[in-house]
Amino acid sequence: MASLPPLLAANTVKLDPEFRKLSAPPLPFDKVSNFTFTQLQFHQNRTYILYNSHFSGLQKNYSTKEPNSLSSELKEAVSTAGQGNNRKLESSNYFPILQECMLQNSVSGVESIHSQIIKSGFVEDLFLMTFLVNVYAKCWDMGSARKVFDNLPKRNAVAWTSLMSGYIYNSRPELAISIFKEMLEAGAYPTNYTLGVVLNACTSLCDINLARQIHGYIVKYDLEHDSSIGNALCSLYSNCRNLAMAIRAFERIAEKDVISWTAVVSACGDNGNSAKGLDMFVKMLVVGAEPNEITLTSVLSLCCTMQALDAGSQVHSLIIKLGYGSDLRLTNSIMYLYLKSGCIAEAKKLFVGMSSVSLVTWNAMIAGYAEMISLAEDALSAYLCGIEALQIFQQMNRSGLRPDLYTFSSLFSVCSSLVALEQGEQVHAQTIKTGFLSDVIVATALVNMYNKCGSINRASKAFLEMSTRTLISWTSMITAFAQHGRSEQALQVFEDMRRVGVKPNKITFVGVLSACSQAGMVDQAFAYYDMMKNEYRISPVMDHYSCLIDMFVRLDRIDEAFDFIEKANLAPNEFIWSILIAGCRSQGKLELAFHAAEQLLELELKDSETYLLLLNMYVSAGRWKDVSRVRKMMRDAKVDRIVDWSWITIRDKVYSFKFSSKRHHQDGVTELLDDLIDRAKPLGYKAEVGLEIDDELGKEEATTSAAHHSEKMAVAFGLLNTSGEVQIRVTKNMGMCRDCHCFIKLVSLLTSRTIIIRDSKRLHKFHNGECSCKDFGGLV
DNA sequence: CTAGGGTTAG
């Protein structure tokens, strides 16, 4: 007892006053230990316990069965039970029949057996009637279950526990708790099962206080070693985000079964420590415990989040060795793992080889391709992944399966990545028709889709129409407004969110700070920054710092940006240095820019566009030595030259444009572009010089970006092929340069058109000569 | 007769 942490030491556990009332003098827990033991002994002598394990493995499939369709054997059993010779029928004969009804989820079947039982005079049989309570509960008829319970000849712990677990099964954990209190009031002693059930009720109610008391009793009566209790504690603490306690609970289990191992493995995964979960799994194999299909699914999910393809394929072999090779759920997981790790061929092989597929299979394929969009090496293959995802969705429709909320969320995310507003609208309509829009996650994905397709008004409308909102919904809306340069609205949403009592997280504050930064609200920005640290106890991360630094840069207060870095004792990352360098350049503070560049070059650069920023800077300053130094660094770091690509979708057809390429799909693009450049120059456009890599000629040279950059061509092509109010939407594989940014702003003014360009860093919505990014400082 | 673990999403 002395070795226990103070929280759990029995003598420090405070009893709920409610409980005290119920239990004067002390709660009947002092006999729990013995009672449990005798109960277990007793059970093992019953014959029908034998099919219990079979039964518990199947009960999760009820909902898939057609209700009220009894098998022929069952119908026969029911009718023979009704005939006069039922004197010969033992009460134990009813168990398998009831079990069959339960598997069929047939309330009417149970009712007819029930009336036979009454006729046969077995209503006094405590075991049979307790089983009946359980059967009714599993058929979602708690009213009848309760009636049977109320008429029981005697109420023992098993009966109470059945009723409690029934309420949990029917999603009424609070009623399970009140039954537990009733049970204690009645003087019954809980068993290990009872305590496990109560803990599960606490888990689903997130009632950590009650759970702690129960844990206190468990410690006091030394029951932590029992697996039914230990397993429940493990998942309880896992759900309370306390992995250390979950692992502790697991380790105290004397005889760890498959479920204990599975629980601890998935606890690690659920709490963001996949590596630990994999360790646990290895330990499991080392001690010789055999994983089942559920353990393996859990482990695959760990490998998936870790992108651990090696471990994953080893698990795959193990799955085949253990004979689970054709398990649909496992195959789905393996397939998703391969997709997420970029092994498309492997994934497709599995997909094609599957004898039957489920909705999850299709969803995993769609989600996998959606995921690959962000992992793709170049933007064109990312684009193709998105197209592939949409095609898989069409195949799925043809196969006759109806999409669900997972399908729709993935589809929205695909449409976002493709900036495919039209497809997004179609999916939106489908979610309304099917009713899935009422799901928070789907609705949040819709908000994000409209935002990323450049339609902030529809994003905001979708947000307002939501009936419930999660932290992520609020954060999405705040970020959306901030990204569209609507700072006041972003902050308004943030205040609304606080008012309804939703606690912001660090991502929310990134949105809030970037809203302040774009509007140049320095005082507000620092007020929110302090609020984040003091009121919400969130420690700032780089993204917060970069918002603040970006703010100073936008306001041309670069010195203050450097001051802030010094005061906060920051070691700026690649992104922050890039903002600073870009800011220094646009203000002509070249010496400061070169100084910052030296700092930047100290870092190990990850983003190939950072090199481009440096190259452009040195080229325009004519510092050729530095140019070749950076080029050498790129070669040493094996950074590929990025080739500038843009594409535009017009009437369901994709047109791509490559830097400096003459392939314009149509005559007149160059002419229109030249004309626009000529008209933009008087308005302040000065075609800047930058280093450009001409891939076709295999050489690099200093040249103006005018007419060469792909987004200019794509926009000109869009202008030629659409008219009126239609927005022009272009996607680009790298960040826009400031030259193009300036030019497109003027084009939106000259042509009175709205132009949306999604580059690798953000969305730019050009309208009336302005951009929604409010000329973000990080332009190359 | 009573329990307990899992796939795909924002």
Side-chain angles (χ1 to χ4, degrees), chain A residues 39 42-43 46 48-49 52 55-56 60 91-92 95 98 125-135 137 156-166 168-169 190-200 226-235 238 257-267 269-270 291-301 304 327-337 339-340 358-368 370-371 404-413 416 439-449 470-473 475-476:
Chain A
Q39 283 284 309
F42 185 46
H43 282 168
R46 303 296 300 192
Y48 49 73
I49 194 105
N52 186 41
F55 145 86
S56 64
K60 282 181 181 158
S91 79
S92 60
F95 285 93
L98 283 170
D125 186 313
L126 183 59
F127 287 176
L128 181 58
M129 296 319 274
T130 306
F131 189 55
L132 194 57
V133 170
N134 184 42
V135 171
N156 62 14
V158 179
W160 285 108
T161 310
S162 297
L163 189 65
M164 284 164 58
S165 75
I168 294 181
Y169 189 86
T191 68
N192 52 342
Y193 287 143
T194 319
L195 294 171
V197 170
V198 182
L199 287 173
N200 290 328
D226 180 274
S227 76
S228 38
I229 287 174
N231 294 348
L233 282 172
C234 182
S235 56
S238 165
D257 56 23
V258 210
I259 296 174
S260 321
W261 285 105
T262 311
V264 78
V265 166
S266 50
D270 292 344
N292 65 13
E293 73 276 26
I294 299 178
T295 324
L296 294 163
T297 325
S298 215
V299 173
L300 283 175
S301 155
C304 212
D327 184 289
L328 180 57
R329 290 177 178 206
L330 278 173
T331 315
N332 287 342
S333 299
I334 301 165
M335 193 189 72
Y336 186 65
L337 169 72
L339 274 179
K340 258 195 107 168
S358 67
L359 182 57
V360 176
T361 319
W362 290 104
N363 284 349
M365 283 293 276
I366 296 171
E371 183 78 20
D404 70 352
L405 64 163
Y406 288 92
T407 328
F408 286 127
S409 341
S410 296
L411 285 174
F412 279 139
S413 119
S416 308
D439 180 84
V440 210
I441 294 177
V442 174
T444 306
L446 178 71
V447 172
N448 280 325
M449 187 276 289
T470 62
L471 165 66
I472 298 174
S473 328
T475 303
S476 301

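First the proteins, then the strands, lettered A, B, ... as listed; each starts at 1.
As judged by a 4.0 angstrom heavy-atom cut-off over every strand, A/Ala367 is placed among residues touching the sugar-phosphate backbone only. Using a 4.0 Å heavy-atom distance criterion, A/Thr470 is classed as a base contact. Using a 4.0 Å heavy-atom cutoff across all strands shown, A/Ser162 reaches sugar-phosphate atoms only and no base atom. Using a 4.0 Å heavy-atom distance criterion, A/Val360 is classed as a base contact. Residue contacts shown for A/Asn332 include a base, since a base heavy atom lies under 4.0 Å away. Heavy atoms of A/Val447 sit nowhere under 4.0 angstrom from any nucleic acid atom.
Applying the 3.5 Å distance criterion, the base of B/dT2 shares no donor-acceptor pair with the side chain of A/Tyr193. For A/Ser298 against B/dG6, a side-chain-to-base donor-acceptor contact under 3.5 Å is absent. If you check distances only, the side chain of A/Ser473 never reaches the base of B/dG10 with a donor-acceptor pair under 3.5 Å. Looking at A/Asn200, its side chain has no donor and acceptor atom pair within 3.5 Å of the base of B/dG4. For B/dT2, its base sits under 3.5 Å from the side chain of A/Thr161 at one donor and acceptor pair at least.
Distances shown here put a side-chain N or O of A/Asn134 below 4.0 Å from the OP1 or OP2 atom of B/dT2. Contact between the side-chain N/O atoms of A/Ser165 and the OP1/OP2 oxygens of B/dA3 is found at a separation under 4.0 Å. In this structure, A/Tyr336 does not reach the B/dG6 phosphate: none of its side-chain N or O atoms is under 4.0 Å from OP1 or OP2.
Remark: ring of A/Phe127 not stacked against base of B/dC1; the cut-offs of centroid gap under 5.5 Å and plane tilt under 30° are not jointly satisfied.
B/dA9 atom C1' lies 10 Å from atom CD1 of A/Ile472, rounded to whole Å. Rounded to whole Å, the distance from CG on A/Asn192 to P on B/dA3 is 12 Å. Atoms CG (A/Leu359) and C1' (B/dA9) sit 12 Å apart, rounded to a whole Å. Rounded to an integer number of Å, the gap from A/Ile229 CD1 to B/dT2 P is 17 Å. Taking atom CG on A/Asp327 and atom P on B/dT7, their separation rounds to 13 Å, with Å as the unit. Atoms CG (A/Leu411) and P (B/dT8) sit 17 Å apart, rounded to a whole Å. For the pair A/Asn363 CG and B/dT8 C1', the computed distance is 6 Å after rounding to whole Å. Rounded to whole angstrom, the span from the CG atom of A/Leu446 across to the P atom of B/dA9 amounts to 19 Å.
By the side chain to side chain donor-acceptor pair (under 3.5 Å) test, A/Ser301 pairs with no residue at all, sequence neighbours left out. In terms of the side chain to side chain donor-acceptor pair (under 3.5 Å) criterion, residue partners of A/Ser260 (sequence neighbours excluded) are, by chain and number, A/Asn231, A/Asp257.
Here the side chain of A/Ser301 is nearest to one of B/dT8, B/dT2, B/dG4, namely B/dT8. For A/Tyr406, counting side-chain heavy atoms from C-beta on, the closest listed nucleotide (B/dT8, B/dG4, B/dG5) is B/dT8. Nearest nucleotide to the side chain of A/Phe131, out of B/dG6, B/dC1, B/dG10: B/dC1. With distances taken from any side-chain atom of A/Glu293 to the nucleotides B/dA9, B/dG6, B/dC1, the minimum falls on B/dG6. The side chain of A/Ala263 has B/dG5 as its nearest neighbour among B/dG10, B/dG6, B/dG5. Checking B/dA9, B/dC1, B/dG5 against the side-chain heavy atoms of A/Ile294 singles out B/dG5 as nearest. Residue A/Asn156 has its side chain nearest to B/dC1 when only B/dG6, B/dT2, B/dC1 are considered. Ranking B/dC1, B/dG10, B/dG5 by closeness to the A/Ala445 side chain, first place goes to B/dG10. Across B/dG5, B/dT7, B/dG4, the shortest atom-to-atom separation from the side chain of A/Thr297 is found for B/dT7.
A side-chain N or O of A/Thr470 and one of A/Ser473 form a donor-acceptor pair less than 3.5 Å apart. Using modelled atom types and a 3.5 Å distance limit, the side chains of A/Ser413 and A/Ser416 yield no donor-acceptor pair.
In this structure the side chain of A/Leu446 never reaches within 4.5 angstrom of the side chain of A/Val442, judged on heavy atoms.
Taking OG1 of A/Thr407 as the reference point, atom CG of A/Leu405 lies at 7.5 Å (rounded to 0.5 Å).
Nearest heavy atom pair, residue A/Leu339 against residue A/Gly368, reads CD1-CA, 3.7 Å.
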